[in-house]
2 protein chains.
Amino acid sequence: MVTEGANTEKLIKDTARELFFQKGRISATTQEIADTAGVNRALIHYYFRSREQLMEVVFDEAVKEVRDKISAIFRSDAPFKRKICDYLDAFINHNLNYPYIQNFIVTEITSDPEKEKEYFRRKRENLEKTVLPGLTEEIENGNMAPIKLEHFMTNLMSMCSYPMVAKPILQGMFGFDDKAYKNFLRERKVIIYRVLFNEEPEADW
Amino acid sequence: MVTEGANTEKLIKDTARELFFQKGRISATTQEIADTAGVNRALIHYYFRSREQLMEVVFDEAVKEVRDKISAIFRSDAPFKRKICDYLDAFINHNLNYPYIQNFIVTEITSDPEKEKEYFRRKRENLEKTVLPGLTEEIENGNMAPIKLEHFMTNLMSMCSYPMVAKPILQGMFGFDDKAYKNFLRERKVIIYRVLFNEEPEADW
DNA sequence: GTCTATAAAGGGATAGAC
DNA sequence: GTCTATCCCTTTATAGAC
């Protein structure tokens, strides 16, 4: 085949993304990626130089969409609790699509703390601008129990992310097959809302 | 030195445990373990045959204590909410001592789903015997909002474990140094209780 | 652009001397 | 019990032919 180049590059990226984030083969070798894609292993280096750069490219592409969406949600002027609903939707839908991306984030950042800086450091100022005011307002108006920003965010992120990273553990514990577990994760949107605010979400959600 | 055997074996175990679970060097090589312990690499194989068996030994030893403690808590006839307090104490204290043990569990089980079986499978029946009755009773007595066993357990485990596995992420996000983060984790005992039950824990806790 | 061959490095494990 | 030397396998990466 002549000049299949553009397709091959995309094929490799698609395969790597699927292996890393959808099949949970986070430590897939270049050989495994090449075999799965049905291309020669050297082509991975031809297009991406190194395994590491391939990972970086597919990771950035996989999170770009949801990151932009979540940014927009928190910068919007919607009511605070509405923002949380939108966040739950965006986050859980994205993670249903990439069931192992949280494992990837956690293991990559733990094994190389340098990667954390560029990625999460500046989130702090964002948090204080975009969620602290809404949280404070709800508390002052008596619409939710007092809680510090850090604990609220930790509760939210924990209840969203842990069921992803600990999927096999919880699946085994509860005896859920893959389909039941997906359903369980979808149920969690409203469960998490209830626990955070101790009230029912709006009916139209 | 003659007949240092017994000490060497313990030295290797202590070093491995420290590297794996306290320093987060989950993928530490036999060379790294040997160098850190100040012993010859071959001794690891002499005492433990393989790296994998060494891991298994130190992991089992590290969790045995807390596992027994948690089993006893849930089998006891204390009131349900008391059990949860005791669980929070036991779990968080143990994890403060082994900050990376949750990362280890999550990555090991994700990378080899076989390991899950023996370890978490039978927990299901335990759950239904030891926590379901208490949970049901509290709900029926109107002492907490209705929630399914699976979601309650997932909320509890998520809010306990995620701050451990995502330590570098949350630390970066909130700008906490190691000391501040330890303190943050200790605060979480009462935070988690509040979120789960929407009330203050007893004053003597 | 794609392939084969090969370099180069890392890591687990064992044999055998001491 | 402890050490050195060595084997063997896996994996990443590149050179060079086609």
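First the proteins, then the strands, lettered A, B, ... as listed; each starts at 1.
Taking B:His151 as the reference, A:Glu187, A:Arg188 meet the side chain to side chain donor-acceptor pair (under 3.5 Å) condition, with sequence neighbours excluded.
Counting non-hydrogen atoms of other residues, nucleotides and ligands closer than 6.0 Å to CZ of B:Arg49 gives a total of 12 or fewer. Annotation: B:Asp177, atom CG; neighbour count of heavy atoms from other residues, nucleotides and ligands within 6.0 Å is above 12.
The main-chain N or O of B:Pro163 is never found under 3.5 Å from a side-chain atom of A:Tyr162 such that the two would form a donor-acceptor pair.
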Counting primed atoms plus P, OP1 and OP2 as sugar-phosphate and everything else as base, spell out the protein contacts along nucleotides 12-18 of chain C at 4.0 Å heavy-atom distance: B, S or - for each nucleotide, 5' to 3'. BBB----

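Residue A:Asn40 places at least one side-chain N or O closer than 4.0 Å to OP1 or OP2 of C:dT4.
Per the geometry, CG belonging to A:Leu43 stands 15 Å off P belonging to D:dT12, to the nearest Å. With rounding to whole Å, A:Gln53 atom CD is found 13 Å from D:dT12 atom C1'. Computed from coordinates, the A:Asp35 CG to C:dC3 C1' distance equals 14 Å when rounded to whole Å. Regarding B:Met55, its CE atom lies at a distance of 14 Å from the P atom of C:dG11, rounded to whole Å. Computed from coordinates, the B:Lys10 NZ to D:dG1 P distance equals 16 Å when rounded to whole Å. In this structure, B:Asn7 atom CG and D:dT2 atom C1' are separated by 14 Å, rounded to whole Å. Spacing between atom CD1 of A:Ile44 and atom P of D:dT11 amounts to 13 Å, rounded to whole angstrom units.
Between A:Phe80 and A:Leu135 the shortest side-chain heavy-atom distance falls below 4.5 Å.
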Begin from the C-alpha positions of B:Lys182 and B:Asp178 and carry the test salt bridge (charged side-chain N to carboxylate O under 4.0 Å, His left out) through to its verdict. CA-CA 6 Å; B:Lys182 272 205 162 190; B:Asp178 283 358; over 6 Å; no

